[in-house]
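The next block holds one structure in the form of structure tokens; read it before the comments.
Chain letters run A, B, ... following the sequence lines, proteins first, then strands; residues in each count from 1.
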Number of protein chains: 2
Amino acid sequence: MLSIYPLDNFGFLDIIYLKIKIIFKGRWYAMGINSKEFRMTKPREVVLAVLRSRKGHLTADEIFEVAKELYPSIGFASVYRSLRLFEKYGIVEVVSFGNRRKKHYQLKNRRTKVKIHLVCTNCAKIKDFSERNKEVKRFLKEISETLYNKYKFKLSSVDMQIFGECEECKK
Amino acid sequence: MLSIYPLDNFGFLDIIYLKIKIIFKGRWYAMGINSKEFRMTKPREVVLAVLRSRKGHLTADEIFEVAKELYPSIGFASVYRSLRLFEKYGIVEVVSFGNRRKKHYQLKNRRTKVKIHLVCTNCAKIKDFSERNKEVKRFLKEISETLYNKYKFKLSSVDMQIFGECEECKK
DNA sequence: CTGCATGCAAACCCTTTGCATTGGG
DNA sequence: CCCAATGCAAAGGGTTTGCATGCAG
């Protein structure tokens, strides 16, 4: 069932789940896939908005905190449920870090097969390092070939956590 | 306080925590650091033995199951406590995989800054890929320099999870 | 005798689920 | 009107902690 509704912060990710964006009377609208399977409801919209507002990984409770400001009646369960749904739809991806307990959620970048995080072992801060520089690109290409030739393992994506000491902590 | 006790499966890792190994009457013995801080007790020995017996990552309950065979009275808590102690001492390291719940534990290889796991997104099997081939080495060297020059981030180690489809699943 | 390490069970944290209710299509 | 999505609270899974006891030094 198709539906049309306004969007104020239209990002590239909307294309993934909304299929079509249009302008009507000077405002962005989205023609959505509001099907039985996937209805873009307020809680889901808010979770997505929170993820989009920050560039990187957030824990579920961080998302919940910010989401409550945008939509106070939202519940914890909806946040988790939205996240899992988004993961299923390839909109969100989950990252874990070594011995840390909480999972981190972030928007999936369709273009990068690789996600890289710099994890400071001193102050515990985590920073994205998603840039596809030439080292990363070359490594990806080579390792992908090696794995296929040697192990018949067909690489689809890579998670990388780089541990070390960040600039502030070195001072 | 020094103590001497026999060891049957003496591995290189013992050097890390035991400092000295000796032969007495044709058998390996270890002269240990049985201090207040770190006493090599039966449960700890067993956990270590289990980790050594398998090459790769194990979950806590997998470790517990095998440990019980070696030492039936062992408790869950001791397994976890040993693991955390070993982690603190740099003997064990913890790895997490994307959205999976359980942590995996494995002996830390002092030589490799990089640990790489091949994770099959179909059958969920995880395989070590610790070999330090030239692609990995070069990438490590380059990325380490880049990070330092650009972000003043001093790399100490890297965790990598490579997702994809394994040989059996492709068939 | 002293105090660390243990085993047990209960607590804990994060995440998921059951259920009655709501509200959009 | 129907059924998927919600919020609440309770359950669940994995890990940690409190406590009485055991045991090595």
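Remark on DNA chain C: of its neighbouring residues B:Asn99 and B:Pro43, the 5'-side contact belongs to B:Pro43, judged by nearest-heavy-atom nucleotide.
Residue-level contact check: B:Lys103 touches the backbone only, with heavy atoms under 4.0 Å from sugar-phosphate atoms and none from bases. Using a 4.0 Å heavy-atom distance criterion, B:Phe64 is classed as making no nucleic acid contact.
Seen from the ring of B:Tyr148, B:Lys152 counts as a face-on cation partner, given the 6.0 Å and 45° thresholds.
Residues passing the ring pair (Phe, Tyr, Trp, His ring centres under 6.0 Å) test with B:Tyr80 are B:Phe76, sequence neighbours excluded.
Among pairs with a residue in residues 156-167 of chain A, those fulfilling salt bridge (charged side-chain N to carboxylate O under 4.0 Å, His left out) read A:Lys115-A:Asp159, at least two apart in sequence or across chains.
Results of the side chain to side chain donor-acceptor pair (under 3.5 Å) test with B:Asn99 over A:Glu87, A:Lys103, A:Glu93 single out A:Glu87 as the only residue that passes.
Residue B:Thr59 places none of its side-chain N or O atoms closer than 4.0 Å to OP1 or OP2 of D:dG14. When the side-chain nitrogen and oxygen atoms of A:Tyr80 are compared with OP1 and OP2 of C:dT15, one or more of them lie within a distance under 4.0 Å. The phosphate of D:dG14 (OP1 or OP2) has no side-chain N or O of A:Arg100 nearer than 4.0 angstrom.
Taking the six-membered ring for Trp and thresholds of 30 and 60 degrees, B:Phe97 and B:His104 have ring planes more than 60 degrees apart, a perpendicular arrangement.
B:Glu62 has no carboxylate O lying under 4.0 Å from a charged side-chain N of B:Arg54, or vice versa, which leaves the two without a salt bridge.
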Where protein sits on nucleotides 8-13 of chain D, one letter per nucleotide: B base, S sugar-phosphate only, - none, heavy atoms under 4.0 Å: B---BB

